[in-house]
Amino acid sequence: FKKTLKKGMDIQEIDNAKAYLDKHSINEIYAMLVYMLSVYRPKDPERFLIEKLKHMTSNTPYENGQDMPARVIGIMGRPDDPIHDLATIMANEFQLFAVNASEVTIKHDKANTIDALATLLLEDQAEEGDFVISHFPRSLRDVASFEESVVELRFVISCYSKDTEDSSIQALHEYYAAQNKLIFVDPSLLTSTTSITKLVQTELEG
């Protein structure tokens, strides 16, 4: 880091610069943008990056001619956690449509999960408007594909430990934390959802 700064900057200036980058999660955002470029390889990378940065600070739909869901919430958790039970409770509480990404994967195989979710959200259940998707996202690749095909997640609930050793989940935590879109929930609390729904209500009203 220090090598990238101009010569002559004193220690305080360096510390201030680093604090700024940390505060705004610039390194995490930069890493995600580079990752998206490597996945999609757009013909116009500058325009692509501008659009991504716009959508990272809003829930504005992509300009592809379709009406997008106003709210899409993701819930991440281990396969044996009752994640979809929480999604169903949230759907009833906040008038959302609950989708189980694991079931979608089983029906359409892993390679086609995002396309199937996009079809479900944009066409089959378009009248429902808003969604909560359980067991989703699972990787930054999921995020990149979903944001390109549908819309950005309003926020994500993670039932994983903050100290998880799973690198894919760590990357997701960093990405959504950088945008203030991450809520951690202790898996042991999934059977008592009152406190969780209060957290969700706060986010939806924010």
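Source: prediction; values computed, not measured.
- A distance of 12.0 Å separates CZ in F94 from CG in D130, rounded to the nearest 0.5 Å.
- Here the closest non-hydrogen pair linking A116 and V104 is CB-CG1, 3.5 Å.
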Note to self: Between L86 and I75, does the side chain to side chain contact (heavy atoms under 4.5 Å, CB included) criterion hold? Intermediate values first, please.
What the structure shows: CA-CA 9 Å; L86 174 59; I75 308 180; 4.1 Å; yes

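- The two residues A101 and T113 come nearest to each other via the heavy atoms O-CG2, 4.4 Å.
- Taking the ring-ring contact (aromatic ring centres under 6.0 Å, His included) definition, one finds that Y30 meets it with nothing, sequence neighbours left out.
- Interatomic distance, I73 CD1 to S134 OG, rounded to the nearest 0.5 Å: 12.0 Å.
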Next item on the list: For the pair I133 and F146, evaluate side chain to side chain contact (heavy atoms under 4.5 Å, CB included) and give the outcome as yes or no after the intermediate values.
Entry: CA-CA 12 Å; I133 308 177; F146 190 80; 3.9 Å; yes

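- Heavy-atom minimum distance, V185 versus I157: CG2-CG2, 3.6 Å.
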Next item on the list: Take Y176 and L153, measure what side chain to side chain contact (heavy atoms under 4.5 Å, CB included) needs, and give me the verdict at the end.
Entry: CA-CA 9 Å; Y176 285 108; L153 295 177; 3.4 Å; yes

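- Side-chain contact between L140 and S168 is absent, with no heavy atoms from C-beta onward closer than 4.5 Å.
- Residues A98 and A87 approach most closely at CB-O, 4.0 Å, considering heavy atoms.
- Using a 4.5 Å heavy-atom threshold, the side chains of I83 and F136 count as separate.
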Check: Between N100 and H135, does a side chain to side chain contact (heavy atoms under 4.5 Å, CB included) hold up when you go through it step by step?
Finding: CA-CA 7 Å; N100 190 333; H135 300 288; 3.6 Å; yes

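- Taking S139 as the reference, nothing meets the side-chain hydrogen bond (donor to acceptor under 3.5 Å, both in side chains) condition, with sequence neighbours excluded.
- The minimum heavy-atom distance linking P137 with V156 is given by the pair CD-CG2, 4.3 Å.
- Hydrophobic clustering (ILVMFWY, side-chain heavy atoms < 4.5 Å, transitive): I106 and M76 are in distinct clusters.
- With sequence neighbours excluded, the residues that form a side-chain hydrogen bond (donor to acceptor under 3.5 Å, both in side chains) with Q12 are N16.
- Between E147 and Y175, the closest heavy-atom pair is OE2-OH, 3.1 Å.
- Taken from OG in S161 to CZ in F184, the straight-line distance is 8.0 Å, to the nearest 0.5 Å.
- Here D163 contributes atom CG and Q170 contributes atom CD; the two are 9.0 Å apart, rounded to the nearest 0.5 Å.
- Distance NE2/H173 to CG/L182: 5.5 Å, rounded to 0.5 Å.
- Atom CG in D186 sits 11.0 Å away from atom OG in S158 (nearest 0.5 Å).
- For the pair T105/R138, a side-chain contact is recorded, criterion being any heavy-atom separation below 4.5 Å from C-beta on.
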